[in-house]
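Contents: one structure, followed by commentary.
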Protein chains: 2
Amino acid sequence: MADTPRQREILAAARALLAAEGEAALTVARIAQALSIKAPSLYKHFAGKRAIEVGLIAQGFAEQAEALERVGTDLVELGRVYRAFALREPALYRLMTDGPLPRAELPDGLEARTAAPLVAAVGGDPDRARAAWAFAHGMVTLELAGRFPPHADLDEAWRVGLSAFAPR
Amino acid sequence: MADTPRQREILAAARALLAAEGEAALTVARIAQALSIKAPSLYKHFAGKRAIEVGLIAQGFAEQAEALERVGTDLVELGRVYRAFALREPALYRLMTDGPLPRAELPDGLEARTAAPLVAAVGGDPDRARAAWAFAHGMVTLELAGRFPPHADLDEAWRVGLSAFAPR
DNA sequence: GTCTATATTGTGATAGAC
DNA sequence: GTCTATCACAATATAGAC
């Protein structure tokens, strides 16, 4: 997805734009502008906007997988890192999770690699891991969407949720 | 939000459009077209597109609250109904949950009414209820986004998750 | 309440020259 | 690899006549 140096530069510009101004700012024209070139020139490097997005998604998963692997199998710490990742670059997190996974265009094994620490942390049951993942994803998206009441104690909700999924 | 008959008709058309063709189809022009009028005419009834969306959001929450109240405090059944609601009108569910709640423009108490059955079902602890809600929301959004692997047993993940949040 | 007409801004994408 | 030029749309919104 990022074979050439120019492709890497384009992805870096797109990611910076996404982080700084959010999803709505991620347009072909704005990405080109950040690189001081014109929009049509981008099409020599990527097939279209979606290809750039897929590149960002792959990048995001690789970094997330790395961060989770560094944690190991401590469920509470996995939760902390998962939440921190999403809050650090909310727009990237949404891009990664809002639509169907472009599995065919992602590096082999990346999805499994990202999931592995959580599966281990809940005791090996994939269904339990999926439930715990849904909990974490729900907490993060509701927080990002500003859907919790202002007074809600999110740290406590995380604690309650993660301890509910601790291995038995 | 739907005081006049004409406003109610507009909301009904918008909702049908949303259900039939999804979020992207919900444009002022398409709503007007469905009513056989021109787009500018809508602005005599609603301040703008966002006001129409808020009307749909209020409608959705009222119906969801009703459905959950009918269930009572059976956590498994609440989960089933929550999921069914989201899957029946995915675009409406996303509209209801993707952004900040327009609390000021929603009927008083509607948010609390919607949450009440779940709070009771988990034993009264609001933090526990928020964690369980995050789990349900995460399950639903990941399913709608097509993010679970094709072979994943979602019924089992729901079962595991809900039993993890059952009152103790 | 509805209309016509218009303003303004934006989108992703392509052809073909250099 | 980059450019100019352009396409073909679509969006929300407003003014003013009827």
Side-chain angles (χ1 to χ4, degrees), chain A residues 1-59 91-92 94-96 98-100 102 104-105, chain B residues 1-59 91-92 94-96 98-100 102 104-105:
Chain A
M1 208 49 45
D3 297 32
T4 74
R6 198 54 173 151
Q7 282 179 322
R8 263 183 288 273
E9 287 172 11
I10 292 169
L11 284 183
R15 175 144 175 197
L17 189 60
L18 189 62
E21 302 188 43
E23 188 188 3
L26 193 70
T27 72
V28 178
R30 290 294 310 275
I31 298 170
Q33 187 189 33
L35 294 159
S36 303
I37 63 176
K38 302 299 176 185
S41 306
L42 280 182
Y43 287 84
K44 301 286 182 177
H45 304 279
F46 285 95
K49 189 191 182 186
R50 181 58 186 169
I52 299 178
E53 289 178 346
V54 169
L56 290 177
I57 290 170
Q59 215 172 74
L92 179 61
R94 292 192 74 129
L95 188 62
M96 290 166 60
D98 256 15
E105 284 120 314
Chain B
M1 206 50 46
D3 297 31
T4 75
R6 198 57 173 148
Q7 281 179 322
R8 263 183 287 273
E9 288 172 8
I10 292 169
L11 284 183
R15 176 145 174 195
L17 189 60
L18 189 62
E21 303 189 41
E23 186 188 5
L26 193 70
T27 71
V28 177
R30 291 293 311 273
I31 299 170
Q33 188 189 33
L35 293 160
S36 304
I37 62 176
K38 303 297 175 185
S41 306
L42 281 182
Y43 287 84
K44 301 285 182 180
H45 303 278
F46 285 95
K49 190 192 180 185
R50 180 58 186 169
I52 298 178
E53 289 179 344
V54 170
L56 290 178
I57 290 170
Q59 215 172 74
L92 178 61
R94 292 191 74 129
L95 188 63
M96 290 166 60
D98 256 17
E105 284 120 313

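Remember, predicted model here, so these are calculated numbers, not experimental data. Letters go in sequence order (proteins before strands), and every chain restarts at 1.
In this structure, the side chain of A:Gln7 does not engage the main chain of A:Phe46 through any donor-acceptor pair within 3.5 Å.
Closest to the B:Pro40 side chain, of the nucleotides C:dG12, C:dT2, C:dC3, is C:dC3. The B:Val28 side chain lies nearest to D:dT12 when the options are D:dT12, C:dC3, D:dC3. Closest to the A:Tyr43 side chain, of the nucleotides C:dG12, D:dT12, C:dT4, is C:dG12.
When the C1' atom of C:dT2 is taken as reference, atom CD1 of B:Ile10 falls 12 Å away, rounded to whole Å. Put simply, NZ on A:Lys38 is 21 Å from P on C:dA17, counting in whole angstrom units. Atom CD in B:Gln33 sits roughly 16 Å away from atom P in C:dT2 (whole-Å rounding). Look at CZ on B:Arg8: it is 17 Å from C1' on C:dG1, rounded to the nearest Å. Between the CZ atom of A:Arg50 and the C1' atom of C:dA13 there is a distance of 17 Å, rounded to whole Å. The separation between A:Leu26 atom CG and C:dG12 atom P is 8 Å, rounded to whole Å. Remark: C1' of C:dA13 and NZ of A:Lys44 are 12 Å apart, rounded to the nearest angstrom. Rounded to a whole Å, the CD atom of A:Glu23 is 12 Å from the P atom of C:dG12.
The residue among A:Arg30 and A:Ala47 whose nearest nucleotide of DNA chain C is located toward the 5' end is A:Arg30.
Within 4.0 Å (heavy atoms only), B:Thr27 reaches sugar-phosphate atoms of the nucleic acid but no base atom.
Regarding contacts with the backbone of D:dG1, every side-chain N or O of A:Ser41 stays at 4.0 angstrom or more from both OP1 and OP2. The phosphate of D:dT12 has OP1 or OP2 within less than 4.0 Å of a side-chain N or O from B:Lys49.
The structure places CD1 of B:Ile52 at 4.0 Å from CD1 of B:Ile31, a figure rounded to the nearest 0.5 Å. Note: B:Leu35 CG to B:Leu17 CG = 9.5 Å, rounded to the nearest 0.5 Å.
The shortest non-hydrogen separation linking B:Pro102 to B:Arg50 is CG-NH2, 4.0 Å.
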query: Would A:Lys44 and A:Arg6 satisfy side chain to side chain contact (heavy atoms under 4.5 Å, CB included), going step by step from the backbone distance to the final call?
result: CA-CA 10 Å; A:Lys44 301 286 182 177; A:Arg6 198 54 173 151; over 6 Å; no

